[in-house]
Amino acid sequence: MSEQWIAGINAVSSALEHDPKQIAEVLIEQRAKNPRLNDIVEMAKAAGVAVRQAPPDALARVAGGTRHQGVVAQLGMQQNLGEGDLDELLGRLQTPLLLVLDGVQDPHNLGACLRSAEAAGVDAVIVPRDRAVGITPVVRKAAAGAADRVPLIRVTNLARTMKSLQEAGVWIVGLAGESDKSFYEMDLKGPIAIAMGGEGDGLRRLSREHCDFLARIPMRGSVESLNVSVATGVALFEALRQRGL
């Protein structure tokens with residue numbers, strides 16, 4: 001679709017709360033009974049956002065398969081963050097905590113990673129522009145509002161960006177199941193970027209080569225690896241624990 005929509009009560013509520021200027025209009029399902037939709041209508045009106053009712057099939061069409069729960073919102077022109085924004089961000093932070101996602105393609109996984117990143121206080125999530133999912137209605141729904149609160153920076157060359165992070169004093173720890181080092185042995189208290197691979201083969205070769213350390217999450221069972229969103233949550237909250245926040 002050329003238009004960009006977000007769907008679902010939590011996603012629309014979060015967008016209205018944190019950045020209502022990005023919303024062009026809100027569509028509410030005709031004859032819907034959920035009282036939470038009334039709260040969204042009031043939020044939209046207070047922010048000066050247009051609200052109109054629409055039949056269920058119209059909402060389903062623009063939601064693109066996402067369960068809309070009786071509400072969708074059309075976004076205006078979205079700000080695309082890139083390498084320059086990352087440089088500006090690093091200039092303001094003393095001990096950044098960053099998340100690098102190397103080729104996550106499943107929108108549910110990206111949404112879950114953004115949700116964990118927001119909960120752990122991550123300063124930015126960095127993803128490649130190619131061979132990776134961007135912000136979609138499904139991502140927003142899975143992120144439960146986090147997509148509006150965590151900067152997502154899309155870069156043209158991920159390996160080059162990782163090198164720039166190192167030059168800026170950020171240490172990069174990559175998750176790799178074959179490493180003989182435990183992630184829990186890593187010092188995560190300083191300027192850190194945690195690099196996670198995609199759903200298939202994990203971190204790509206160039207991304208591995210640009211990590212300062214490779215480590216694994218130790219597991220006692222017979223499962224060889226964790227889902228990327230689960231592993232991301234484990235890694236980020238270990239960093240949060242070490243940083244004492």
Side-chain angles (χ1 to χ4, degrees), residues 4 6 11 14-15 18-19 21-22 75-140 142-175 188 190-199 202-204 206-212 228-229 231-233 235-236 239-240 243:
Q4 180 71 267
I6 56 177
S14 176
H18 293 93
D19 193 7
K21 292 181 180 179
Q22 72 172 317
L75 300 179
M77 294 297 293
Q78 289 184 281
Q79 182 181 14
N80 294 315
L81 302 181
E83 287 90 340
D85 300 285
L86 179 59
D87 293 338
E88 191 274 335
L89 178 70
L90 291 175
R92 293 189 283 107
L93 299 172
Q94 289 187 336
T95 54
L97 175 59
L98 306 172
L99 174 63
V100 176
L101 297 176
D102 182 17
V104 172
Q105 299 184 17
D106 186 299
H108 294 95
N109 279 336
L110 178 59
C113 288
L114 290 173
R115 189 171 184 174
S116 293
E118 196 278 336
V122 167
D123 295 299
V125 178
I126 302 167
V127 300
R129 291 187 181 277
D130 298 328
R131 290 187 290 181
V133 66
I135 297 296
T136 68
V138 176
V139 170
R140 287 184 174 275
D148 300 304
R149 297 193 289 271
V150 179
L152 182 73
I153 298 175
R154 304 183 71 187
V155 299
T156 303
N157 187 314
L158 186 60
R160 184 176 63 202
T161 297
M162 293 172 74
K163 182 178 180 181
S164 296
L165 289 176
Q166 292 168 321
E167 292 173 348
V170 177
W171 294 85
I172 303 177
V173 180
L175 268 288
L188 308 173
I192 286 291
I194 297 174
M196 311 292 302
E199 294 89 354
L203 287 170
R204 289 176 292 178
L206 279 177
S207 298
R208 288 170 182 258
E209 292 176 357
H210 283 83
C211 290
D212 295 291
V228 61
S229 64
T232 295
L236 291 180
L240 189 65
R243 295 159 86 93

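These numbers come from a predicted model, not from an experiment.
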Which pairs of donor and acceptor atoms, one on a side chain in residues 161-169, lie under 3.5 Å apart (sequence neighbours left out)?
from: T161; atom 1: OG1; to: N157; atom 2: O; distance (Å): 3.1
from: S164; atom 1: OG; to: R160; atom 2: O; distance (Å): 3.1
from: Q166; atom 1: NE2; to: H210; atom 2: O; distance (Å): 2.8
from: Q166; atom 1: NE2; to: D212; atom 2: OD1; distance (Å): 3.3
from: Q166; atom 1: NE2; to: D212; atom 2: OD2; distance (Å): 3.4

Practice task
To the nearest 0.5 Å, tell me how far L81 CG sits from I126 CD1.
Solution key: 11.0 Å
Handout entry: Close side-chain approach of L188 and V173, heavy atoms under 4.5 Å
Key = yes
Problem - Distance (rounded to the nearest 0.5 Å) between L236 CG and R243 CZ - result: 10.5 Å
Practice task
Would you check if the side chain of D102 reaches a backbone N or O of R204 as a donor-acceptor pair within less than 3.5 Å?
Solution key: yes
Under 3.5 Å, side-chain donor or acceptor atoms of residues 116-124 against the rest of the protein: list the pairs with distances, not counting sequence neighbours.
from: S116; atom 1: OG; to: A112; atom 2: O; distance (Å): 3.4
from: E118; atom 1: OE2; to: R149; atom 2: NE; distance (Å): 3.3
from: D123; atom 1: OD2; to: L97; atom 2: N; distance (Å): 2.9

Problem - Value rounded to 0.5 Å, distance of CG in N109 from CG in L101 - result: 9.5 Å
Problem - Interatomic distance, L93 atom CG to E88 atom CD [nearest 0.5 angstrom] - result: 9.0 Å
Problem - Gap between atom CG of L206 and atom CZ of R208 - 0.5 Å precision - result: 11.5 Å
Problem - Any donor-acceptor pair under 3.5 Å from E199 side chain to D106 backbone - result: yes
Problem - D85 side chain vs G82 backbone, donor-acceptor pair below 3.5 Å - result: yes
Practice task
For the residue pair V155 and R129, establish whether any side-chain heavy-atom pair is separated by less than 4.5 Å.
Solution key: no
